[in-house]
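Some notes on the structure that comes next.
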Amino acid sequence: MNVLAKAGIWSLCAAARAAIPCLWKGKYFSSGKEPGENNTVTPMLRHLMYKIKSTGPITVAEYMKEVLTNPAKGYYVYRDMLGEEGDFITSPEISQIFGELLGIWFVSEWMATGQSAAFQLVELGPGRGTLAGDILRVFSQLGSVLKNCDISIHLVEVSQKLSEIQALTLTEEKVPLERSDGSPVYMKGVTKSGIPVSWYRDLQDVPKGYSFYLAHEFFDVLPVHKFQRNETRDHVEVCPDAGVIIQELSQRIALTGGAALVADYGHDGTKTDTFRGFCGHKLHDVLIAPGTADLTADVDFSYLRRMAQGRVASLGPITQQAFLKNMGIDVRLKVLLGKSAEPSLRQQLLEGYDMLMNPKKMGERFNFFALLPHQRLHGGNPQVNAHQSKPSPSPVAGFSELVWQ
């Protein structure tokens, strides 16, 4: 990893993010009663009432899907729900360091697997594009390492509002965007650093090829079915959509190589009733004013592991605190503090670090999970010439401690 440290990635982002003092989506909530005046009749509620009257009862999964992604009235489709003005905050919005370390992870894996001539970076649910922007800045600063690699960005996004924000974040629209509503690729552009970027509504539409996949706070908003055991009345949550996506990622990685990195709050098969809502950085009853609040459920990483069905190897879950520490967050913070003379900026950096790493905040509530080809963990790199000696596999960054030189 010393080549990465020497390549000059440690420049301070011009606009460091503040650690916004608000609630993230990592706490439990059971639906309960709220004052009657909060029970607003929203367009989504009217839609759901009509639907239920017309076709009968709906499942929790159907409710969650309609509320979040209905093409006409869905919560995610036409609003910006992130940040201080929105309903929740995510790690990339808190500190630039988060995205920079993920950028290093992808470059590290690219180097460990033979430095292919091209790769796709595919992000599922890219938010405002902040995370992708931080990763691309690392790619630019590692230009000497990546100079012979053809990189393209592919964003899977169903929200019209967020895709517009992503385009502004990543391209600044210096090059006019190509738009085609009827095509699987509904928007195309070029990033500020000259990398082609495309938008899709479904992972299936993303071209197959050597790719690195990123899902940060993506799986937690996929619809969950809720069941209850009669004898104990314990709740069970199952997310079939997550299983389908993991199977697709596993097939792609097994066939063409690459890796997938998942970062989310969740558990390893140990929790049951986690379905909850968020509005204005506060916990919100999931049945009140549907369409105005985010709905979410913890990710069951043991289920994701099973759904890979042995096609690929999996690592984790490992806590965000451990992953970022292994990636060198303390080194990065020290460098940024050394470059920051302004007290308010230093305070922002320290508050952001605390939010990301503190076990009582995001440090132990969020986890990292990876899918990799089996040969990545057991040697056998297919790009190594048959006459060369078989190298021993290098450790996977983040999931084991790196040695910084």
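All values below were derived from every heavy atom in this structure, side-chain atoms included, with hydrogens, water molecules and symmetry-related copies excluded.
Q166 places a side-chain heavy atom less than 4.5 Å from the side chain of W199. Counting only heavy atoms from C-beta outward, the side chains of H216 and F98 approach each other to under 4.5 Å. Side-chain contact between I245 and F219 is present, with heavy atoms from C-beta onward closer than 4.5 Å. Annotation: side chain of R365 is not in contact with side chain of M362 (no heavy-atom distance under 4.5 Å). Two residues are said to be in side-chain contact when any heavy atoms from C-beta on lie closer than 4.5 Å; L261 and F368 meet this criterion. Contact of the I94 side chain with the T90 side chain is not registered, since no non-hydrogen atoms from C-beta on lie closer than 4.5 Å. Contact annotation: the side chain of I97 never approaches that of D134 to less than 4.5 Å [non-hydrogen atoms, C-beta and beyond]. Side-chain contact between D264 and F369 is absent, with no heavy atoms from C-beta onward closer than 4.5 Å.
In this structure, OG in S314 is found 8.5 Å from CG in L372, a value given to the nearest 0.5 Å. To the nearest 0.5 Å, atom CD1 of residue I253 and atom CG of residue L371 are 5.0 Å apart. We find the OG1-NZ distance between T171 and K192 to be 8.5 Å, quoted to the nearest 0.5 Å. Separating the CG atom in L336 from the CG atom in L349 is a distance of 5.5 Å, to the nearest 0.5 Å. Interatomic distance, OG1 of T272 versus CD of Q228, reported as 10.0 Å (0.5 Å rounding). Taken from NE2 in H47 to CE in M44, the straight-line distance is 5.5 Å, to the nearest 0.5 Å.
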### Query
side chain to side chain donor-acceptor pair (under 3.5 Å) between T319 and Q321: does it pass, once the steps are laid out?
CA-CA 5 Å; T319 66; Q321 180 190 45; 4.7 Å; no

### Task
Evaluate the salt bridge (charged side-chain N to carboxylate O under 4.0 Å, His left out) criterion for residues K360 and D354: first the C-alpha distance (whole Å), next the side-chain angles of each, then the deciding distance (0.1 Å), finally the verdict.
CA-CA 10 Å; K360 295 180 180 179; D354 181 65; over 6 Å; no

### Task
Any chance you could lay out the side chain to side chain contact (heavy atoms under 4.5 Å, CB included) test for Q120 and Y210, step after step, and finish with the verdict?
CA-CA 6 Å; Q120 301 181 149; Y210 185 85; over 6 Å; no

### Task
For the pair K73 and E66, evaluate salt bridge (charged side-chain N to carboxylate O under 4.0 Å, His left out) and give the outcome as yes or no after the intermediate values.
CA-CA 8 Å; K73 305 175 180 68; E66 283 294 309; over 6 Å; no

#### Entry: Test log, rule side chain to side chain contact (heavy atoms under 4.5 Å, CB included), inputs W110 and C149
CA-CA 10 Å; W110 172 76; C149 185; 3.7 Å; yes

### Task
Would you check, one step at a time, whether the test side chain to side chain contact (heavy atoms under 4.5 Å, CB included) holds for F323 with L102?
CA-CA 10 Å; F323 180 89; L102 266 58; 4.2 Å; yes

### Steps toward side chain to side chain donor-acceptor pair (under 3.5 Å) verdict (Q160, E164)
CA-CA 6 Å; Q160 177 180 329; E164 299 285 345; 5.1 Å; no

### Task
Verify ring pair (Phe, Tyr, Trp, His ring centres under 6.0 Å) between H267 and F301, making sure each step is shown before the conclusion.
CA-CA 6 Å; H267 57 89; F301 290 102; 7.9 Å; no

### Worked verdict on I58 versus L48 for side chain to side chain contact (heavy atoms under 4.5 Å, CB included)
CA-CA 9 Å; I58 61 175; L48 291 167; 4.1 Å; yes

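For the residue pair N367 and P317, the shortest heavy atom distance occurs at CB-CB, 3.8 Å. Nearest heavy-atom pair across Y213 and G209 is OH-O, 4.3 Å. Closest approach of T274 and R276 over heavy atoms only: O-NH1, 2.5 Å. The shortest heavy-atom contact between A313 and L377 is CB-CD1, 3.5 Å. Scanning both residues, D294 and V221, for their nearest heavy atoms gives OD1-CG1, 4.1 Å. Of all the heavy atoms in N326 and F399, the pair that sits closest is ND2-C, 4.0 Å.
Between the side chain of T130 and the backbone N or O of E93, no donor-acceptor pair lies under 3.5 Å. With W105 contributing its side chain and A397 its backbone, the two residues share a donor-acceptor pair below 3.5 Å. When atom types are taken as modelled, the side chain of S211 and the backbone of G258 share no donor-acceptor pair closer than 3.5 angstrom. Remark: the backbone N or O of L356 is paired with a side-chain donor or acceptor of Q320 at under 3.5 angstrom. Put simply, the side chain of D220 never gets that close to the backbone of V299: no donor and acceptor are under 3.5 Å apart. In this structure, the side chain of S108 does not engage the main chain of F106 through any donor-acceptor pair within 3.5 Å. Under the 3.5 Å distance criterion, the side-chain polar atoms of T55 are left unmatched by any main-chain donor or acceptor of I52.
Q347 and E351 form a side-chain donor-acceptor contact under 3.5 Å, judged by distance and modelled atom types alone. For the residue pair E157/S163, the side-chain donor-acceptor check at 3.5 Å is not satisfied. For the residue pair Q96 and E100, a side-chain donor N or O sits within less than 3.5 Å of a side-chain acceptor on the partner. There is a side-chain donor-acceptor pair under 3.5 Å between Y353 and D330.
Screening L121, I153, V190, L177 for a side chain to side chain contact (heavy atoms under 4.5 Å, CB included) involving V197 leaves a single residue, I153.
Residues satisfying the salt bridge (Lys or Arg N to Asp or Glu O under 4.0 Å) test with R305, not counting sequence neighbours, are D268. Applying the salt bridge (Lys or Arg N to Asp or Glu O under 4.0 Å) rule to E237 yields the partners K226; only residues at least two apart in sequence or on another chain are considered. Judged as a salt bridge (Lys or Arg N to Asp or Glu O under 4.0 Å), and not counting sequence neighbours, E62 has no contacts.
Salt-bridge annotation for E342 and R346: absent, with no side-chain N of the basic residue lying under 4.0 Å from a carboxylate O of the acidic one.
F275 and H235 have their aromatic ring centers separated by at least 6.0 angstrom. Y265 has its ring centre less than 6.0 Å from the ring centre of F366.
Relative to the six-membered ring of Y186, R179 misses at least one condition, a distance below 6.0 Å or an angle of at most 45° to the axis.
By the 30° and 60° cut-offs, the orientation of the rings of F119 relative to F212 is perpendicular.
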